[in-house]
Amino acid sequence: GLVNTREMFKRAVNGGWAVPAFNFNNLEQLQAIIKASATLKSPVILQVSKGARQYADPVLLRYLGAGAVAYAKELGCNYPEVALHLDHGDSFELCKSCVDNGFSSVMIDGSALPYEENIALTKKVVDYAHQYDVTVEGELGVLAGVEDEVSAEESHYTRPEEVIDFSKRSGVDSLAISIGTSHGAYKFKPEQCTRDPKTGRLIPPPLAFDILAEIEKKLPGFPIVLHGSSSVPQKYVDIINEYGGNLPDAVGIPEEQLRKAAKSAVCKINIDSDSRLAFTAGVRETLAKHPEYFDPRKYCGVARDYMFEMYEHKITEVLGSDNKL
Ligand code: G3H
Ligand code: 13P
Ligand code: NA
Ligand code: ZN
């Protein structure tokens, strides 16, 4: 069946690699994630946001989790390690509902709350989840927001002086931190970047690896999580823009920085936007080239192939989680 994240994190931290946490909300994403991780013998975290859970349906998801493990075995992976994880849980009730409905791991994101309230809420979720051997991810520090201009101003890096107290008193199994990543396909504003004079493309500022190093020093061997870690591959942005889309100045985290993070105590790397981009590139390109298509399998099939290729690349070339089962 599904597993929690404890053992995979221990091996990832000790081995200097990171477990992929791929968000999904539809069948094609799930198939591509399982096919890539099972054939490459990589542990994997299937990650579901609150909105994705509603989209896919909570009851259906419970069986999809079990189905994912069976599918991995069918693909020849005899010992799959698949976790079904709630991403950015925003209340005790939501986390409890996921624990009660077959999730093996949950995140309670109290990072926007005052410090003591974050600890209290996180501890409440930990106390419940641990009764069922479900692991819990907490978060300290606020990622820059993409949706509204205001939240970006309120973002702040994780304070290394808080991490020992927070992890001890909350009892979390892993800790998400803020060191300069953010969610979505526009991780940095053009004014935060420099521009490649030849291509005109944005070159983002580096992540705060000094803060990560301080956190590691405070919590040696403790599993650290990096959200907002899509690279926003230019090839998918280009395809989307070529076939009717409009994503100007989309920019992500350069892969060499994620590679460096994966070698550290960062043992879970969250990727959602890159899957959305690969999917959309496949759909737009196929429909533009074949206006006569109306069978969703035609264009969703191409989208699935693009996502599969992207997941394979992350596992083997960025996170180093292949051949770990
Ligand atoms: O962290 C956010 C994830 O990318 C999920 O986003 O709430 O639009 O499903 P969502
Ligand atoms: P991206 O938007 O960079 O894919 O981040 C996903 C994420 O952190 C999900 O929790
Ligand atoms: Na690591
Ligand atoms: Zn996130």
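Note that ligands are numbered from 1 as they come in the structure, with each ligand's atoms numbered from 1 the same way. For the numbers below, each heavy atom of this structure counts, side chains included, while hydrogens, waters and symmetry mates do not.
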For the Zn ion (ligand 4), every protein N/O/S atom that sits closer than 2.8 Å, waters excluded: H88 NE2, H183 NE2, H227 ND1
Side chains of [X] and [Y] only: does a donor on one sit below 3.5 Å from an acceptor on the other?
X	Y	result
K314	S231	yes
D173	H130	yes
Y128	D100	yes

Hydrophobic cluster (4.5 angstrom, side-chain heavy atoms) - remaining members for Y79: none
Identify whether the distance between the nearest side-chain nitrogen and carboxylate oxygen of [X] and [Y] falls below 4.0 Å.
X	Y	result
E7	K10	yes
R159	D165	no
K218	E162	no

Qualifying residue, where the test is side chain to side chain donor-acceptor pair (under 3.5 Å) with T135 and the options are S174, S104, S105: S105
I'd like a table of the close N/O pairs between ligand 2 and the protein (anything under 3.5 Å), one pair per line with both atom names and the distance.
from: ligand 2; atom 1: 2 (O); to: G184; atom 2: N; distance (Å): 2.8
from: ligand 2; atom 1: 2 (O); to: S273; atom 2: OG; distance (Å): 2.7
from: ligand 2; atom 1: 3 (O); to: K187; atom 2: NZ; distance (Å): 2.5
from: ligand 2; atom 1: 3 (O); to: S229; atom 2: N; distance (Å): 3.1
from: ligand 2; atom 1: 3 (O); to: S230; atom 2: N; distance (Å): 2.9
from: ligand 2; atom 1: 4 (O); to: S230; atom 2: OG; distance (Å): 2.6
from: ligand 2; atom 1: 4 (O); to: D272; atom 2: N; distance (Å): 2.6
from: ligand 2; atom 1: 4 (O); to: S273; atom 2: N; distance (Å): 2.7
from: ligand 2; atom 1: 5 (O); to: G228; atom 2: N; distance (Å): 3.3
from: ligand 2; atom 1: 8 (O); to: H183; atom 2: NE2; distance (Å): 3.0
from: ligand 2; atom 1: 8 (O); to: H227; atom 2: ND1; distance (Å): 3.4
from: ligand 2; atom 1: 8 (O); to: G228; atom 2: N; distance (Å): 2.7
from: ligand 2; atom 1: 10 (O); to: D87; atom 2: OD1; distance (Å): 3.0
from: ligand 2; atom 1: 10 (O); to: D87; atom 2: OD2; distance (Å): 2.6
from: ligand 2; atom 1: 10 (O); to: H88; atom 2: NE2; distance (Å): 3.2
from: ligand 2; atom 1: 10 (O); to: H227; atom 2: ND1; distance (Å): 3.1
from: ligand 2; atom 1: 10 (O); to: N270; atom 2: ND2; distance (Å): 3.2

Separation between CG of L143 and CD1 of I177, rounded to the nearest 0.5 Å: 9.5 Å
Nearest non-hydrogen partners of V106 and C98, listed with the distance: CG1-CB, 4.0 Å
Polar protein atoms (N, O or S) that approach the Na ion (ligand 3) to under 3.0 Å: W17 O, A262 O, S264 O, V266 O
